[in-house]
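Input: a single structure, listed below in structure tokens.
Whatever order the structure lists them in is the order used to number ligands and atoms, beginning at 1.
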Amino acid sequence: MDQTAVMRYDVAAVVITTICIASLILRRKMSGPINRIYLATTIVILLTAFASLGAEVYDRALGPATIAPASGAISYPLVMRNAISMLYYTMRSLTAPLYFVLITAITYTSHRLKRGKVVMFLMWAPVVITTLLVLTNPLHHLVFFYDATGSHRGPLILVLYASSLYYSLVGMAWLLRWRRILTYDTFATLALLYPIVCTSAIIQYFIPKMRLEMFVTSVVLMLLSDFVMRPERQFDALADAASLQAYREMCERAFITDKPMCLVYTEIVSIERLRELVGKDGMQTIVRTVSINLHSMLAPGDVLYYLRNGLFCIAPHNIDANRALSIARTAHEQKRALSPAHIEHPVEHPDDLELRTCVIRVPEDVHDLSTLRNFVRRFSHLVPTSSVTSFAELSKMEDFELQMSLSDVVTNAIRKRTFEVFYQPIYCMADGRFHSAEALVRLNDPQFGYVSPALFIPEAEYNGAIQQIGSILLDKIFAFMGGMDYDTTGFHYVEVNLSADQCVRAHTAQELLDLAQRYNVAPPRINLEITETSSTYSHQAIARNVRTLAEAGFSFSLDDYGTGYSSLTRALDLPFSLVKFDKTLADGIDDPATRTVVEQSIAMMHSIGKHVLVEGVETREQVELLRAMGADYIQGFYFARPMPQDEFVAFLHEHNGY
Ligand code: C2E
Ligand code: MG
Ligand code: MG
């Protein structure tokens with residue numbers, strides 16, 4: 001083969017690897033273990049190709065006879081030529097182990113190499129032996145030697161080949177073992193390198209002048225750069241942090257490969273509410289500011305992820321629980337730094353931001369991915385805002401297990417239809433009787449007993465089960481009302497809670513009309529409760545349902561008045577006949593300021609033609625105060641707790657005295 005053509009392979013390898021390195025530098029992809037090992041591998045291949053090319057140029061320029069005169073004297077050109085060969089063989093024997101290390105980094109399994117002395121020995125011994133052999137070659141000349149006829153390989157060159165073969169086999173086995181972690185593209189590219197490079201190495205072994213190996217390796221490396229380093233999906237531009245996708249992949253890999261972790265989660269409290277206060281841009285500024293603050297706490301190798309709605313996760317590069325805790329504390333403290341005065345483009349919001357911060361150790365606290373997911377999903381419900389906490393601490397909480405099992409509890413209850421409806425009598429101030437009651441759902445779980453709707457309704461709303469639950473309950477309530485003897489009980493109507501989802505769903509109106517017909521219940525017997533907050537959902541959709549139902553004779557109450565963050569004016573343009581004051585108002589009635597607010601609010605509601613019901617009344621004093629203020633109805637433990645259907649009917653007979 002023409003010598004110039006042979007050299008072109010090496011020149012091409014040098015050019016390609018230089019481009020790879022330049023691209024890494026230009027794209028500023030120098031951080032993180034994968035990028036660093038990729039860079040190291042590329043530099044090693046560049047040096048190998050460079051040494052190979054250098055040897056060829058040197059030989060041609062001086063000629064073997066000049067470099068190694070037949071006299072056998074040690075000359076400067078010979079020392080130089082040996083140095084070039086030494087560089088070539090050292091670098092070449094590093095390629096396979098480095099490529100193996102790159103595979104462990106890409107599969108995020110590097111931690112598995114640090115397990116025990118035997119693994120460390122098996123990992124490093126061959127490369128140490130080959131490097132020593134090459135470096136001591138001037139003493140034994142058994143790896144390569146140079147004489148008047150040119151460069152030759154010694155018998156120990158086989159050790160170098162054996163070492164490369166060893167790392168290639170281990171690398172291949174490793175790839176196969178962890179292929180689940182990789183996308184098909186990445187796996188195929190990584191795996192492809194072995195047969196291609198092996199074939200070129202074999203060709204080069206038998207035809208040493210055919211310098212294919214470096215060229216082929218550099219081409220595959222370039223392909224790899226394309227497949228492995230795809231940053232777009234991995235980055236959340238809004239938060240300037242690694243993305244949810246990257247977080248998911250990181251967690252999946254960690255559990256598949258048993259990688260221990262110590263994760264710090266921190267969440268901006270009530271982000272939805274903040275968004276209403278400061279707008280979308282203000283919200284982005286806050287998220288970014290938190291992100292910048294969190295970034296400033298990171299050490300090299302730590303990664304910051306932005307998961308969703310104000311929730312961040314820091315994955316420190318080591319698993320030191322104390323360090324994680326100290327990161328968590330600093331993260332939690334930044335709420336002070338986030339007061340409006342400290343924000344880059346100040347946004348007006350009333351308080352310092354509140355954060356929830358929690359540390360989770362894997363596998364000590366959490367053994368499987370689904371538990372971690374479940375916890376993160378219920379983060380806002382489980383983690384307090386007061387101080388930094390840990391999963392271990394939280395798991396000691398009384399209802400922690402229930403909280404973590406809510407999704408299953410709800411699913412089981414739907415499957416077995418174990419929902420019950422309780423009725424809480426409502427006291428009418430005008431005649432001291434109970435003409436109405438609120439229907440309240442109860443879930444009786446075989447393991448956890450009665451579960452509060454305040455717990456499982458939000459969960460059901462989240463996972464979509466609320467639709468089925470709503471229908472099951474409506475059916476039970478209409479069946480009950482259809483069979484009720486109104487004459488002997490003095491009962492007039494039932495209050496039924498509509499979930500936000502039911503309020504906006506198009507077929508809710510039809511469902512209620514059908515039920516009224518099927519169970520022969522006159523629509524005025526049903527009063528539908530809508531919460532103030534659900535009116536922010538889709539006012540139009542709610543208004544459409546309400547109009548249809550109001551025309552058919554159903555009436556409406558505004559529930560939980562005094563809580564929630566939506567505008568009262570919006571809620572007020574719906575035809576509510578009753579406004580239900582939340583328990584917090586009844587609770588605060590001892591306070592003169594609250595008392596004035598309640599009194600004025602009652603008067604205001606009356607002035608626009610609404611009746612007022614006060615919820616959560618527990619004492620006689622409250623009843624008397626509310627009577628003096630003109631409240632129309634009282635619902636509370638003072639008169640009666642929610643009770644099962646039969647008990648409720650008995651209650652009516654006893655108290656209404658018909
Ligand atoms: P809500 O509609 O405001 O219901 C009133 C809640 O206050 C009930 O809690 C009731 O048991 C409780 N309560 C009444 N009087 C007192 C009192 O004197 N002291 C105290 N401490 N509590 C009192 P419950 O049954 O736990 O329901 C909580 C929330 O769950 C309800 O608040 C409602 O938003 C939701 N919910 C309950 N049943 C249903 C339902 O069938 N469908 C829907 N969508 N939501 C429901
Ligand atoms: Mg209610
Ligand atoms: Mg209420």
Side-chain angles (χ1 to χ4, degrees), residues 381 399 406 410 413-414 418-427 434 436-444 449-462 464-481 493-505 508 511-512 515 526-535 537 542 545 555-564 571 576 578-589 612-623 626 631 633-645 648:
H381 301 278
D399 66 348
L406 268 184
V410 170
I414 288 180
T418 48
F419 292 103
E420 293 169 33
V421 179
F422 276 32
Y423 294 86
Q424 184 177 27
I426 292 172
Y427 181 79
F434 299 90
S436 61
E438 178 169 8
L440 294 159
V441 61
R442 292 292 176 263
L443 188 170
N444 193 357
Y450 279 107
V451 180
S452 162
L455 267 183
F456 74 80
I457 295 273
E459 171 65 25
E461 274 172 341
Y462 180 88
I466 191 73
Q467 294 196 11
Q468 280 164 284
I469 300 179
S471 301
I472 295 172
L473 297 178
L474 285 178
D475 194 80
K476 283 183 189 278
I477 295 167
F478 274 83
F480 172 64
M481 293 301 282
Y493 67 92
V494 67
E495 300 261 335
V496 178
N497 289 285
L498 282 191
S499 66
D501 173 80
Q502 284 173 309
C503 289
V504 294
R505 229 165 359 125
T508 299
E511 186 181 7
L512 284 159
L515 283 167
I526 307 287
N527 186 299
L528 299 162
E529 291 189 5
I530 297 179
T531 60
E532 198 180 318
T533 25
S534 51
S535 66
Y537 257 68
I542 298 174
N545 273 332
S555 57
F556 292 88
S557 309
L558 175 63
D559 200 0
D560 299 339
Y561 176 74
T563 64
F576 293 112
L578 184 73
V579 176
K580 300 187 79 174
F581 283 29
D582 189 70
K583 181 174 187 305
T584 45
L585 293 177
D587 288 345
I589 211 158
V612 171
L613 179 153
V614 182
E615 283 188 301
V617 173
E618 295 182 350
T619 65
R620 194 187 163 80
E621 290 71 41
Q622 284 173 321
V623 177
L626 290 165
Y633 301 97
I634 301 282
Q635 180 184 344
F637 293 174
Y638 175 71
F639 289 111
R641 288 179 177 258
M643 54 190 89
Q645 188 172 303
F648 172 62

Measure [X] to ligand 1 on non-hydrogen atoms and call it side chain, backbone, both or neither using the 4.0 Å cut-off.
| X | result |
| --- | --- |
| Ile457 | side chain |
| Arg641 | neither |
| Asp560 | side chain |
| Leu473 | side chain |

Per-atom contacts of ligand 1 with [X], taking only distances under 4.0 Å to non-hydrogen atoms:
| X | answer |
| --- | --- |
| Asp559 | 1 (P), 2 (O), 3 (O) |
| Gln424 | 10 (C), 14 (C), 15 (N) |
| Gly616 | 15 (N), 16 (C), 17 (C), 18 (O) |
| Pro642 | 11 (O) |
| Val617 | 18 (O) |
| Glu618 | 17 (C), 18 (O), 19 (N), 20 (C), 21 (N) |

Q: Could you check Glu615 against Asp559 for side-chain contact (heavy atoms from CB on, under 4.5 Å), going step by step and ending with a plain yes or no?
A: CA-CA 9 Å; Glu615 283 188 301; Asp559 200 0; 3.4 Å; yes
Q. Between Thr584, Val579, Thr531, which is the residue that forms a side-chain contact (heavy atoms from CB on, under 4.5 Å) with Asp560?
A.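 So, applying the side-chain contact (heavy atoms from CB on, under 4.5 Å) to Asp560 and each of Thr584, Val579, Thr531, only Thr531 qualifies.
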Q. Do we see a donor-acceptor contact under 3.5 Å between the side chains of Lys476 and Gln645?
A.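 No, Gln645 and Lys476 have no side-chain donor paired with an acceptor closer than 3.5 Å.
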**Q.** Full working for side chain to side chain donor-acceptor pair (under 3.5 Å) between Ser436 and Glu495
**A.** CA-CA 7 Å; Ser436 61; Glu495 300 261 335; 5.1 Å; no
**Q.** Criterion side chain to side chain donor-acceptor pair (under 3.5 Å) on Asp501 and Ser499, from CA distance to verdict
**A.** CA-CA 5 Å; Asp501 173 80; Ser499 66; 4.6 Å; no
Working to the nearest 0.5 angstrom, can you tell me the gap between [X] [atom1] and [Y] [atom2]?
| X | Y | atom1 | atom2 | result |
| --- | --- | --- | --- | --- |
| Gln424 | Arg641 | CD | CZ | 9.0 Å |
| Thr418 | Leu443 | OG1 | CG | 5.0 Å |
| Leu474 | Ile469 | CG | CD1 | 12.0 Å |
| Ile530 | Asn497 | CD1 | CG | 10.5 Å |
| Leu578 | Leu528 | CG | CG | 12.0 Å |
| Phe581 | Leu626 | CZ | CG | 9.5 Å |

Q. Looking at ligand 1, does Glu438 have a heavy atom less than 4.0 Å from it?
A.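 It does, in that a heavy atom of Glu438 comes within the 4.0 Å cut-off of ligand 1.
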Could you check [atom] against the protein and tell me its nearest heavy-atom contact, residue, atom and distance included?
| atom | result |
| --- | --- |
| atom 24 (P) of ligand 1 | Pro453 CG, 3.6 Å |
| atom 18 (O) of ligand 1 | Phe637 N, 2.8 Å |
| atom 37 (C) of ligand 1 | Leu440 CD2, 3.6 Å |

Q | Cation-aromatic face contact Arg442/Phe422, 6.0 Å, 45 degrees | A |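 Pair Arg442/Phe422 counts as cation-pi.
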Q: Please report the C-alpha distance between Glu459 and His381 in whole Å, then the side-chain angles of each, then the deciding distance to 0.1 Å, and finally whether the side-chain contact (heavy atoms from CB on, under 4.5 Å) criterion is met.
A: CA-CA 10 Å; Glu459 171 65 25; His381 301 278; over 6 Å; no
Has [X] got an N/O/S atom less than 2.8 Å from the Mg ion (ligand 2)?
| X | result |
| --- | --- |
| Glu529 | yes |
| Glu438 | yes |
| Asp559 | yes |
| Asn497 | yes |

Q. Of all N/O/S atoms in Glu615, which lies nearest to the Mg ion (ligand 3)?
A.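 Atom name returned: OE1.
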Q. How is the N/O/S atom of Asp560 that comes nearest to the Mg ion (ligand 3) named?
A.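 For Asp560, the N/O/S atom sitting closest to the Mg ion (ligand 3) is OD1.
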For [atom], is the nearest protein heavy atom closer than 4.0 Å?
| atom | result |
| --- | --- |
| atom 16 (C) of ligand 1 | yes |
| atom 9 (O) of ligand 1 | no |
| atom 32 (O) of ligand 1 | no |

With only distance considered, is [X] within less than 3.5 Å of ligand 1 through an N or O on each side?
| X | result |
| --- | --- |
| Asn497 | yes |
| Val441 | yes |
| Gln502 | no |

Q: List the steps, then state whether side chain to side chain donor-acceptor pair (under 3.5 Å) holds for Asn527 with Ser555.
A: CA-CA 5 Å; Asn527 186 299; Ser555 57; 3.0 Å; yes
Q) Hey, mind stepping through Tyr427 and Tyr633 against ring pair (Phe, Tyr, Trp, His ring centres under 6.0 Å) and telling me if it holds? A) CA-CA 6 Å; Tyr427 181 79; Tyr633 301 97; 9.3 Å; no
**Q.** Heavy-atom nearest option to atom 44 (N) of ligand 1, drawn from Ser499, Pro458, Ala460
**A.**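 It is Ser499 that holds the nearest heavy atom.
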Q: Just go through Lys583, Glu615, Gln635 and tell me whose heavy atom is the nearest to atom 21 (N) of ligand 1.
A: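 Heavy atom nearest to atom 21 (N) of ligand 1 belongs to Lys583.
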Q | Gln622 (side chain) donor-acceptor with Ala586 (main chain) under 3.5 angstrom | A |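 Judged by distance alone, yes, a pair lies under 3.5 Å.
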